[in-house]
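Written below as structure tokens is the structure these notes are about.
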Amino acid sequence: MPATDTAIAQARTAARAASDRLGYDIVALDVSGQLVITDAFVIVSANNERQVGAIVDAVEEALHREHGAKVIRREGKGEGHWVLLDFGDIIVHVFDVEDRQFYALEKLWQDCPAIGVDDVVGPPAEASAEAPERGASGAAR
């Protein structure tokens with residue numbers, strides 16, 4: 001059974017909120033066929049601990065404001081390298097670059113269909129020492 005419309009909408013909101021806080025390499029996967037605990041994963045990269053925290057805060061705020069969703073479980077916020085936010089219908093993973101490469105979640109779940117988020121996130125960025133600079137519109141320069 002594919003992800004629910006609610007889960008897809010929440011995943012897209014989470015992706016947009018993460019992108020707005022300079023998260024990049026954002027992937028959303030429909031894991032509903034493989035897991036019974038959630039419908040979707042959203043996976044985001046950040047360049048440093050401070051950015052991980054900003055993305056986490058933005059995702060929590062956007063999902064609550066737009067969908068009334070509250071985080072059920074939060075793991076890893078103190079370390080700031082990999083934060084997992086469980087909203088029930090979706091789970092958001094925010095990684096620093098090294099941990100994202102090490103755990104390679106999208107490779108583990110490569111058989112799961114993607115949820116389209118390209119139209120709600122900024123252009124793709126390469127991992128670098130600095131996050132892509134963005135203007136007031138949110139578009140990368």
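Pairs engaging residues 28-54 under the ring-ring contact (aromatic ring centres under 6.0 Å, His included) rule: Phe41-His93, Phe41-Trp109 [sequence neighbours left out]. Evaluation of the salt bridge (charged side-chain N to carboxylate O under 4.0 Å, His left out) test over residues 52-63, restricted to residues two or more places apart or in two chains, returns Asp57-Lys77, Glu60-Arg74, Glu61-Arg65. The stretch residues 58-81 participates, sequence neighbours left out, in no ring-ring contact (aromatic ring centres under 6.0 Å, His included) pair at all.
Clustering ILVMFWY residues whenever any of their side-chain heavy atoms sit less than 4.5 angstrom apart, transitively, puts Val92 in the very cluster that holds Val120.
With sequence neighbours excluded, the residues forming a side chain to side chain contact (heavy atoms under 4.5 Å, CB included) with Ile72 are Asp86, listed by chain and number. The side-chain hydrogen bond (donor to acceptor under 3.5 Å, both in side chains) check on Asp119 picks up Arg12, with sequence neighbours excluded. With sequence neighbours left out, Glu106 forms a salt bridge (Lys or Arg N to Asp or Glu O under 4.0 Å) with Arg100. Under the rule for a side-chain hydrogen bond (donor to acceptor under 3.5 Å, both in side chains), the partners of Glu75 that lie at least two apart in sequence or sit in another chain are Arg73. With sequence neighbours excluded, no residue forms a side-chain hydrogen bond (donor to acceptor under 3.5 Å, both in side chains) with Thr38. Listed by chain and number, the residues in a salt bridge (Lys or Arg N to Asp or Glu O under 4.0 Å) with Glu98 amount to none (sequence neighbours excluded). In this structure, the side-chain hydrogen bond (donor to acceptor under 3.5 Å, both in side chains) partners of Asp30, at least two apart in sequence or on a different chain, are Ser32. Applying the salt bridge (Lys or Arg N to Asp or Glu O under 4.0 Å) rule to Arg16 yields the partners Glu66; only residues at least two apart in sequence or on another chain are considered.
Put simply, the side chain of Val52 does not reach to within 4.5 Å of the side chain of Trp82, judged on heavy atoms. Counting heavy atoms from C-beta on, the side chains of Ile26 and Ser19 come closer than 4.5 Å. A heavy-atom distance below 4.5 Å is not found between the side chains of Val44 and Asp25. Inter-residue side-chain proximity for Tyr103 and Leu108 is flagged as unmet; no heavy-atom pair is nearer than 4.5 Å.
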Could you go step by step and tell me if Leu105 and Phe95 meet the side-chain contact (heavy atoms from CB on, under 4.5 Å) rule? CA-CA 10 Å; Leu105 287 187; Phe95 287 97; 3.7 Å; yes
Donor-acceptor pairs under 3.5 angstrom involving side-chain atoms of residues 1-11: please list them, not counting sequence neighbours.
unit_1 : atom_1 : unit_2 : atom_2 : d
Thr4   : OG1    : Ala7   : N      : 3.0
Thr4   : OG1    : Asp39  : OD2    : 3.3

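Results of the side chain to side chain contact (heavy atoms under 4.5 Å, CB included) test with Leu85 over Ile90, Val71, Leu63, Ile91 single out Val71 as the only residue that passes.
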